[in-house]
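In what follows, chains are A, B, ... by sequence order, proteins preceding strands, each numbered from 1. All values below come from the heavy atoms of this structure, side chains included, with hydrogens, waters and symmetry mates left out.
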Amino acid sequence: MKVLPILFCVGFALAACEREERDFRPNPVTGETQEKTALVSLSPGSSPPQQETSGKALAFEGNAYHLSQGKRLYEWFNCNGCHANGGGDSGPALMDDRWIYGSSLENIVQTIREGRPNGMPSFRGKIPDDQIWELAVYVRSMSGLESKAAAPGRNDDMHPHPSENRTPPSPPVPGGIASPSASAPQ
Amino acid sequence: MSEAFAAPDPKELRDHQIGGPELTARLARTWGTKRGLIGALSTVDHKIIGRRYIITAFLFLFLAGLAAVAMRLQLARPESRLIGPDLYNQLFTMHGTTMMFLFAVPVMEAFAVYLVPLMVGTRNIAFPRLNAFSYYVYLFGGLLIWVAFMLNIGADIGWFGYVPLSGPEFSPGKRADIWAQMITFTEVSALAVAVEIVVTVLKQRAPGMTLDRIPLFVWSVFVTSFLIIFAMPAVMIASTFLILDRLIGTHFFNPAEGGDALLWQHLFWFFGHPEVYIIFLPATGMVSAIITTFSRRKTFGYLALVLSLIATGFLSFGLWVHHMFTTGLPQLGASFFTASSMMIAIPNGIQIFCWIATLWDGRPVFRTPLLFVLGFFFIFVAGGLSGLMLASVPLDTQVHDTYFVVAHFHYVLIGGAVFPLLGAVYYWYPKIVGRLMSERIGCWHFWLAFIGFNLAFFPMHITGLMGMPRRVYTYQPEMGWDNLNLLSSVGALIFFFSFVVFLWNTITSARSGSLSGDNPWDAGTLEWATSSPPPPQNFDRIPVVTNREPLWAEREMLPVAAGLSVENRELIVSTVSEARADLREASPEPSIWPLLAAIATGITFISSIFTPWAVVWGSCIVGVMLIGWFWPKGSKEDEE
Amino acid sequence: MRLRPVGILLLVFPLTGCNGWQSALDTHGPGAGSLETLFWIFLGVLATVWILTMLALVASLRTRRRPHADPLSEDPAANRQMTGTVGALVAATAVIVLALTGFSYAYQKRLMGEQDGTLTIKVTGQQWWWQVEYEDPQPSRTFTTANEIHIPVGEPVRLKLESSDVIHSFWVPSLIGKTDNIPGRQNVLELQADREGIYRGQCAEFCGWQHAHMGVLIIAKPKAEFESWRNQQIASASPASDDERKRGEQVFFTSPCIMCHSIRGTSAGGKVGPDLTHVGSRLTLAAGTLQNTRGNLAAWIVDPQRIKPGANMPLIQVEPRDLNALVSYLEGLK
């Protein structure tokens, strides 16, 4: 019986530790991680697609510092230019439940690194890898997929969209189409 | 028709019907606390709760002192890599927050909770169950923030938590929320104690203790309680707004959406300035008590001292903008606050002069309490005068947010509150424990503290003028601040060591100090009229007061008022200004509900850091606990 | 007396604060000069008050009463005398307080009164550097730089203080007192340097992890030199001429650098970090943290998080030979 409250405290403690870790310096400074992810959930046979991830996602998901840095980078690197504040413009909306290229953190990282057809630029080499991960985890939080305790609150600025920590979670749905302006003749 | 005039019930035993050791033993049984864990957790004895408060507050002092030692070790050398910026920010936040919210105010309240009922000659504090509740809430708040610190969720925004740095965008995670909620805990606790003190002092004084016979320490905590009642809500509002901004996206402090970053500063400092007087005024009461006793002379200028306390209390609410002189507020408004900040030196000066006058006319007895009071004079007056420099708007633009300010407030807080507090510990320890503290170790303690403190903090005046800002985790070698910082660090270590010596003295004296008897210092106030430590009922019979120093006026035998019940918990409620005995009031029995209500309150506050719904569900649980608390038990007097 | 050398040492000790690179007591401008005078006036008066109070305290500790005197006894004559003395002291305190308030207000009016600087510079506090924009009636003569402000000697300069994130505070003690940079409002600060020189300042409001490393330099030069500096700063970056710098320019444009930094005259237009158009001409890097040398520049690019942990500049991957070229390119941006 005495073990139970201790276990509870330890569990609580570990969760807190991960959320509040402020890791300024990737160690070691490597190039990009290797993520073998599938863009779709289909695969021949009855088993799901084969995927292999580097495990880096664990350090970023649910981490309040990385989420808040991701939010600042989103504004600084002008993601608003195509995606507005998550509502989408010439690029698709990011705060909805439609994910054209997959909603896992590794998928989003690949999207930003490699770019996608219909207008998403490739940021490989222009944004350091860790910052791509920060942006990706922030994008996930825009549709409420990240823990409420870690997701950022309201902007300390103009407030054009609901705070990420009050966005109700939208379970990801694959699909969606390229937005009309992106499919118009270039 | 008040019950004081009702015909006594022949079945009920009264304290004029028996006497001597039998009376003491029976009253002790009536007023005592049961043994065992449940008994300890459900006690409503103000002395037990006061002791717990004192010990817990000193524990927080040690923790905050360790944080300070860590900071000074980091700052001893330029560009030192001992502690990184994140941990350093957490350390100085924890140091400031713990010292201000968890040590300085609670320890003054603690001494008030222990001493005021004894000094006004009553059996227990007003609202004893609320007293128990306030201790538990304080304990839970302190545990919250220190456990959070151990888990890397410690606050890192400074004890003052300026927005937008503490806002949702620049303080990710839950650190700032935990800090803000801890404030809620400590405020509730402080407000509760303030209310109890006010009621005790106004309505439960011993018969004959007119307003001009109230001891100066009691006056000081009485005025402080009003400061708490009017100042604490401001910080409660501020911290609530901050949590609302962070949790549910309100825009109180968001300039882009109609809020204002300066709103936080106004709200916080409207509390923050009275806060330091909440810490300082009880210390002046302690100084008055110690000087009176140790100069063997009644206090000179009692009326002036009381009026100074009240004036300081009022004036302290008109100073807060002096923390904001560099924010770009209109100059005419700012200079008003220069005038008021300088003016508060006048009542402080009156106090200093009256104390020196008391010493002048007296026969000083140099024991450790008086040594600490002399240290208080040396240090606090210096700090107060550097405060006059800070009060001037133009001078403040140079020294605001530098180490000059750090030096100033440590001089006024340590000199003005901690030194009197240490003197008070040496003074009242015999009453609380029954043994005297060692004078020899006390002497060592004093000199180590005095030298260590001045060595640590005097150079900071200079480093501040040389351009060293506050709240920096390191500094460049070419700035020329390195030697002075090293000196400060050495002094800080000596100062910390003096507290270790103090702890040693407290512990060893409890075991082997010489027995003190009722009144080892031959003091004049009522707490020395009962045994050391006092029995649970405080006094066998309520004393009647004929002079400001009752024990000096009635050396042979203290007159008493008799007629209170022996089998039931009863105390005398008296009129407000003339203290004529008015009612026999039943005093609550021990109860576990304060603890349960405090746990429910704690759960509500802590969960509301994570979700706003916690306030709704938590209130239901708190409501249930309060129903249990207030469930009518029927006092025995009603059953007649 | 053996204590005499100790006493002298203790008296000399405070005077060590009088000289310093960032000292409020080593002033070179009329603003800071008045403040220094006011400080000495206050110090003189208040130190005297403290000494007199301590003397009174020491004097009061001599025993005057007989051992068994009644602590409650009244002596009306002594009481009257003591009341008179205390009353006089309280009156003296009130007079001193009034006098100091008067001095303070007089200096305040003098300092905050005039706002006639013709050169206006907008200083925006960022976490953890200073963005400096020189304004001009002619838009083509405005320019942006970072962390270093050049001003002409002997002329008042008006600084407009803003913040893009949290509250900062602009403070150059040798020239003037501080004023906060508060998001959502603009504060105005006038300063003037009376002598040529380099004056260091530092952010004076806690602003996060690298508050300690947010320095600023104000460099005062004669008017002619200032104008030629300004013209040089207005000009765009000259294109690279030698091979190594050309390669360095290439490295710059293919690295993450362009996402945050701008170099006028090129396609690098990032607005997040400090403007690098003339970074080679600055005395320090990283907001006063490092001397601007080749080695420090390389160290800063390779591992900014070791020098300023928590700063917004990330670690990037750069090959050693590319690093040399990049540093050469940046060094040459004078």
Side-chain angles (χ1 to χ4, degrees), chain B residues 84-86 89 158 162 164-165 170 255 260-261 296-298 300-301 326-328 331 335 338-339 342-343 345-346 349-350 352-354 356-357 359-360 362-364 377-378 381-382 385 388-389 392-395 397-398 400-401 462 465-467 469 471-475 479-480 549 552-553, chain C residues 14 16-17 20-25 35 38-39 42 46 49-50 53-54 56-57 60-61 63-65 69 71-72 78 82 86 89-90 93-94 97 100-101 104-105 107-108 111-112 165-167 169 173 177-180 182-185 187 202 204-212 309-310:
Chain B
D86 191 28
N89 292 350
Y162 276 4
L165 184 62
F170 300 102
D260 192 344
R296 332 278 309 113
R297 185 87 189 105
K298 71 174 164 63
F300 178 87
T326 58
T327 54
Q331 290 303 318
S335 48
T338 297
M342 300 251 201
M343 235 180 11
I346 299 177
I350 294 176
I352 304 270
F353 299 138
C354 287
I356 295 182
L359 283 168
W360 190 283
R363 190 169 61 81
F377 276 107
F378 187 98
V381 175
L385 295 174
L388 287 182
M389 286 191 202
S392 151
V393 172
L395 271 184
T397 60
Q398 279 288 37
H400 170 68
D401 246 315
I462 302 169
L465 286 163
M466 282 176 78
R471 300 159 184 155
V472 289
Y473 78 101
T474 187
Y475 51 94
M479 301 311 299
E549 306 286 340
W552 284 349
Chain C
T16 57
W21 201 17
Q22 196 172 296
S23 173
L25 300 178
L35 293 173
L38 187 63
F39 171 75
F42 266 68
L46 297 172
V49 168
W50 183 81
T53 314
M54 290 304 112
L57 178 69
S60 73
L61 294 173
T63 303
R64 276 171 206 84
R65 295 180 76 73
L72 294 176
M82 188 61 88
V86 169
L89 288 172
V90 171
T93 310
V97 158
L100 291 176
T101 312
S104 168
Y105 191 59
Y107 275 83
Q108 185 180 344
L111 271 171
M112 320 285 183
D165 39 37
V166 298
I167 300 181
S169 190
K178 65 183 65 69
T179 301
D180 290 352
I182 300 176
R185 58 197 290 145
N187 285 332
Q202 206 169 331
E205 183 61 61
F206 178 59
C207 49
W209 292 300
Q210 288 303 322
H211 167 62

Q | chain C contact via B:F378 - which portion, at a heavy-atom distance below 4.5 Å | A | both
Q: Measure the CD1-CG distance between C:I167 and B:L165 for me, rounded to the nearest 0.5 Å.
A: 9.0 Å
Q: Answer yes or no: is there a side-chain heavy-atom contact under 4.5 Å between C:H211 and B:Y473?
A: no
(Q) Using a 4.5 angstrom heavy-atom cutoff, name the option from B:I346, B:T327, B:V472, B:L359 with the most pairs to chain C. (A) B:T327
Q | Pairwise distance OH(B:Y162) to CG(C:D180) - rounded to 0.5 angstrom | A | 7.5 Å
Q: Might you point out which heavy atoms bring B:A261 and C:I182 nearest each other, and give the distance in Å?
A: CB-CG2, 4.2 Å
Q.
For B:F170, which atoms come within 4.5 Å of any heavy atom of chain C: side chain, backbone, both, or neither?
A. side chain
Q: Search all heavy atoms of C:G184 against all heavy atoms of B:P255 and return the closest pair with its distance.
A: CA-CB, 3.8 Å
Q.
Could you check whether any side-chain heavy atom of C:S23 comes within less than 4.5 Å of a side-chain heavy atom of B:L465, counting everything from C-beta outward?
A. no
Q: Look up atom CE in B:M342 and atom OG1 in C:T101, then write down how far apart they are to the nearest 0.5 Å.
A: 4.5 Å
Q: Using a cut-off of under 4.5 Å on heavy-atom pairs, state which of C:L89, C:V86, C:T179, C:T93 scores highest against chain B.
A: C:L89
Q) Ignoring hydrogens and geometry, is there a side-chain-to-backbone donor-acceptor pair from C:Q108 to B:Q331 under 3.5 Å? A) yes
Q | From C:L57 atom CG to B:W360 atom CH2, the distance as rounded to the nearest 0.5 Å | A | 10.5 Å
**Q.** Exercise: identify the closest heavy-atom pair between B:G467 and C:Q22
**A.** O-NE2, 2.8 Å
Q) Going by heavy atoms in the side chains, are C:V49 and B:V381 under 4.5 Å from each other? A) no
Q.
So C:L38 and B:S392, do their side chains get closer than 4.5 Å, heavy atoms only?
A. yes
Q. Pick from C:P173, C:G208, C:A78: which one has the most heavy-atom pairs with chain B under 4.5 Å?
A. C:P173
Q.
Restricting to non-hydrogen atoms, name the atom on B:M389 and the atom on C:L46 that form the minimum distance, rounded to 0.1 Å.
A. CG-CD1, 3.8 Å
Q | Between B:G158, B:G362, B:A339, the one whose heavy-atom pairs under 4.5 Å with chain C are most numerous | A | B:G362
Q: Decide yes or no for C:F206 and B:N89: does some side-chain heavy atom of the first lie under 4.5 Å from some side-chain heavy atom of the second?
A: yes
Q) Quick one: of B:E549, B:R296, B:M343, B:R471, who has the most non-hydrogen atom pairs under 4.5 Å with chain C? A) B:R471
Q: Could you tell me whether the side chain of B:D86 and the main chain of C:W209 form a donor-acceptor pair under 3.5 Å?
A: no
Q. Where does C:M54 contact chain B at under 4.5 Å (heavy atoms): side chain, backbone, both or neither?
A. side chain
**Q.** Value rounded to 0.5 Å, distance of OG1 in B:T397 from CG in C:L35
**A.** 5.0 Å
**Q.** Student check: side-chain heavy atoms of B:T326 and C:E205 closer than 4.5 Å
**A.** no
**Q.** Shortest non-hydrogen contact between B:T338 and C:S104, atoms and distance
**A.** CG2-OG, 3.8 Å
Q: Report yes if some heavy atom in the side chain of C:F39 is under 4.5 Å from a heavy atom in the side chain of B:Q398; otherwise report no.
A: no
Q. Looking at B:A345 and C:V97, what are the two nearest heavy atoms and their distance?
A. CB-CG2, 4.1 Å
